[in-house]
Amino acid sequence: MDKAMLVGAPLIGLNDSGGARIQEGIASLAGYAEIFQRNVNASGVIPQISLIMGPSAGGAVYSPAITDFVFMVKDTSFMYVTGPEVVKAELHEDVTHEDLGGAKTHSSKSGVCHYAFENDIDALARTREFFDFLPLNNKDASPIRVADDPRDRVIPSLDTVVPDDPLRPYDILDVIRAVVDENDFFEIMPTYAKNIVVGFSRMDGRTVGVVANQPLVAAGCLDINASTKGARFVRFCDAFNIPIVTFVDVPGFLPGSSQEHAGVIRHGAKLLYAYAEATVPKLTVITRKAYGGAYDVMSSKHLRGDVNYAWPGAEIAVMGAKGAVAIIFKGHADIARSEAEYVEKFANPFPAAARG
């Protein structure tokens, strides 16, 4: 680890550990802490990737948790602070290794795992593919590939991918894959917080980080998990000089007492802070709607976005037309006419474009 930081080389850990060796006592714990300290020192300096390829228990899980990306193998890798035996003895709870800390649990529920692979061979092969997107360190440029896709190519599918009906969902992955080089997109955490999509791709041969709202899930609303997932990814891209491309179709933050009580304000602010803090090139495309505070959060011009585009049918507003009209024109006789006037005046990107 010291040598990796000295020469500026990425760090890849292959983990299969039962935790601290009881017989070694404090010496074992000290060894763990020294590894943790080096993980922290390397954070933001060199990319750190952890592959969990077997059981990892106790202190063995904390080093991967500090690294940038954690990959697991389905059915054979587990991560937990205390195993099922201890849980049963202390809490009288029967739980399997898989349910407690398996790849499916951590990739879809806890968010600890960034990707769950089918087997060890698949994990190693896909990690090589993933590694090809990353720079060696925070002073090195990302690898550049010769791009076969011309940058000025025509993509007819983009004319029809967004439905005319604003309530109909569509798959934002269709937009992302059409825009990037060779339809190649490596999605990070695809089964966790699926209402936001993050991952790496290339444009004109150069690595870009992609963040996008996913209308297929919760209409693309931002919630606690989506905010923390997006924020961590944006900060990684900022640390390693990877440009960020953001596709926006967001009706706002997910409402409800469960989100408020769990701290959606605090967690939503993480994504806001990450975008505002980022100094890498930031390009934003609003594909359909951008409402309320979520518009601001998703790499808006006001958070030092470098280039902000909107498709002609996009809407940028404080809230949707129906809700806005119900408040502004409450008690008016002709609500339908008022809504039509509001849509014509505000439910388009041109007032925002006129203000730069």
Inset, instruction - Assess whether atom OH of Tyr273 is packed by more than 12 heavy atoms of other residues, nucleotides or ligands within 6.0 Å. - result: no
Legend entry - Validation row: Ser50, Phe69 side chains within 4.5 angstrom (heavy atoms): no
Legend entry - Donor-acceptor contact below 3.5 Å, side chain Lys301 vs main chain Asp306: yes
Legend entry - Check: Ile49 main-chain N/O paired with Thr67 side-chain donor or acceptor under 3.5 Å: no
Legend entry - Spacing of Leu134 atom CG and Phe200 atom CZ [to the nearest 0.5 Å]: 5.5 Å
Legend entry - His114/Phe186 aromatic ring centres below 6.0 Å: no
Legend entry - Short side-chain to backbone donor-acceptor contact, Asn241 and Asn138, under 3.5 Å: yes
Legend entry - Salt bridge flag under 4.0 Å for residues Arg145 and Asp181: no
Inset, instruction - Decide side chain to side chain contact (heavy atoms under 4.5 Å, CB included) for Ile176 and Phe247; before the verdict, give the C-alpha distance in whole Å, the side-chain angles of both, and the deciding distance to 0.1 Å. - result: CA-CA 8 Å; Ile176 295 171; Phe247 293 94; 4.0 Å; yes
Inset, instruction - Report, as yes or no, whether the 6.0 Å neighbourhood of atom CD on Glu129 holds more than 12 heavy atoms from other residues, nucleotides or ligands. - result: yes
Inset, instruction - Please tell me if the side chains of Ile242 and Phe133 come closer than 4.5 Å, counting only heavy atoms from C-beta onward. - result: no
Legend entry - SB check Lys88 Glu85 (cutoff 4.0 Å): no
Inset, instruction - Would you kindly confirm whether Val245 and Val211 end up in one hydrophobic cluster when ILVMFWY residues are joined by side chain heavy atoms under 4.5 Å apart? - result: no
Inset, instruction - Taking all heavy atoms of Ser157 and all of Ala178, pick out the closest pair and write down the distance. - result: OG-CB, 4.3 Å
Inset, instruction - Could you grab the distance from atom CG of Asp68 to atom CG of Asn39, nearest 0.5 Å is fine? - result: 9.5 Å
Inset, instruction - Search all heavy atoms of Ser227 against all heavy atoms of Gly268 and return the closest pair with its distance. - result: OG-CA, 3.6 Å
Legend entry - His302 and Tyr295, any side-chain heavy atoms less than 4.5 Å apart: yes
Legend entry - Whether Ser77 side chain and Met72 backbone form a donor-acceptor pair below 3.5 Å: no
Inset, instruction - Take the angle between the ring planes of Tyr80 and His97 and call it parallel below 30°, perpendicular above 60°, tilted in between. - result: tilted
Inset, instruction - Would you mind reporting whether Leu51 and Phe117 have side-chain heavy atoms less than 4.5 Å apart? - result: no
Legend entry - ILVMFWY cluster, Val87 and Val112 together (side-chain gap under 4.5 Å): no
Legend entry - Arg304 CZ: over 12 foreign heavy atoms closer than 6.0 Å: yes
Inset, instruction - Provide the closest heavy-atom pair for Ala294 versus Gly252 in the form atom of the first, atom of the second, distance. - result: CB-CA, 3.6 Å
Inset, instruction - Can you establish whether the number of heavy atoms outside Lys104 located under 6.0 Å from its atom NZ is more than 12? - result: no
Inset, instruction - Give the intermediate values and the outcome of side chain to side chain contact (heavy atoms under 4.5 Å, CB included) for residues Leu136 and Ile46. - result: CA-CA 7 Å; Leu136 296 178; Ile46 55 175; over 6 Å; no
Inset, instruction - Flag yes if more than 12 heavy atoms outside Arg235 fall under 6.0 Å of its CZ atom; otherwise flag no. - result: no
Legend entry - Nearest non-hydrogen partners of Asp249 and Pro215, listed with the distance: OD2-CG, 3.6 Å
Inset, instruction - Give the C-alpha distance, both sets of side-chain angles, the deciding distance and a yes or no for salt bridge (charged side-chain N to carboxylate O under 4.0 Å, His left out) between Arg202 and Asp132. - result: CA-CA 11 Å; Arg202 293 182 181 86; Asp132 199 33; 3.2 Å; yes
Legend entry - Non-hydrogen atoms of Asp174 and Val161 that approach each other most closely: CB-CG2, 3.9 Å
Inset, instruction - Measure the CG-CD distance between Leu222 and Gln259 for me, rounded to the nearest 0.5 Å. - result: 10.0 Å
Inset, instruction - Check whether Ile66 and Phe233 end up in the same hydrophobic cluster, where Ile, Leu, Val, Met, Phe, Trp and Tyr are linked by side-chain heavy atoms less than 4.5 Å apart. - result: no
Legend entry - Rounded distance (nearest 0.5 Å) linking atom CG of Asn308 with atom OG1 of Thr284: 4.5 Å
Legend entry - Smallest separation among heavy atoms of Ala219 and Pro251, with atom names: O-CD, 3.3 Å
Legend entry - Thr246 vs Lys282 side-chain heavy atoms within contact, under 4.5 Å: no
Inset, instruction - Would you please test Met5 and Asn137 for side chain to side chain contact (heavy atoms under 4.5 Å, CB included) and show each step? - result: CA-CA 9 Å; Met5 283 186 281; Asn137 54 66; over 6 Å; no
Legend entry - Tyr192 and His106 aromatic centres sub-6.0 Å: no
Inset, instruction - Report the distance from atom CG of Leu216 to atom CD1 of Ile172, rounding to the nearest 0.5 Å. - result: 9.0 Å
Legend entry - Over 12 non-hydrogen atoms of neighbours within 6.0 angstrom of CD1 in Ile121: no
Inset, instruction - Please check if the side chain of Thr105 supplies one atom and the backbone of Gly101 the other of a donor-acceptor pair under 3.5 Å. - result: no
Legend entry - Transitive ILVMFWY side-chain link Val180 to Leu173, under 4.5 Å: yes
Legend entry - side chain to side chain contact (heavy atoms under 4.5 Å, CB included) between Ile327 and Met319, worked out: CA-CA 11 Å; Ile327 295 173; Met319 61 194 305; 4.0 Å; yes
Inset, instruction - Specify whether Phe240 and Phe236 have parallel, tilted or perpendicular ring planes, treating 30° as the upper limit for parallel and 60° as the lower limit for perpendicular. - result: tilted
Inset, instruction - Give the cluster check for Ile196 versus Ile265: same hydrophobic cluster or not, with ILVMFWY residues linked at side-chain heavy-atom distances below 4.5 Å. - result: yes
Inset, instruction - Using atom types as modelled and distance alone, determine if a side-chain donor or acceptor of Thr228 lies under 3.5 Å from a backbone N or O of Asn225. - result: yes
Inset, instruction - Would you kindly say whether Asp171 and Gln214 are connected by a side-chain donor-acceptor distance under 3.5 Å? - result: yes
Legend entry - Any Arg206 side-chain heavy atom under 4.5 Å of Ser142 side chain: no
Inset, instruction - State, yes or no, whether a side-chain contact exists between Ile244 and Tyr275 at a heavy-atom distance under 4.5 Å. - result: yes
Inset, instruction - Could you check if a side-chain atom of Cys221 sits within less than 4.5 angstrom of a side-chain atom of Val250, using non-hydrogen atoms only? - result: no
Legend entry - Option among Phe131, Phe71, Tyr115 that satisfies the side chain to side chain contact (heavy atoms under 4.5 Å, CB included) test with Arg126: Tyr115
Inset, instruction - For Arg153, look at atom CZ and say whether over 12 heavy atoms of other residues, nucleotides or ligands are found less than 6.0 Å away. - result: yes
Legend entry - Distance, nearest 0.5 Å, that separates CZ of Arg288 from CG of Asp164: 10.0 Å
Legend entry - More than 12 heavy atoms from other groups under 6.0 Å of OH on Tyr62: no
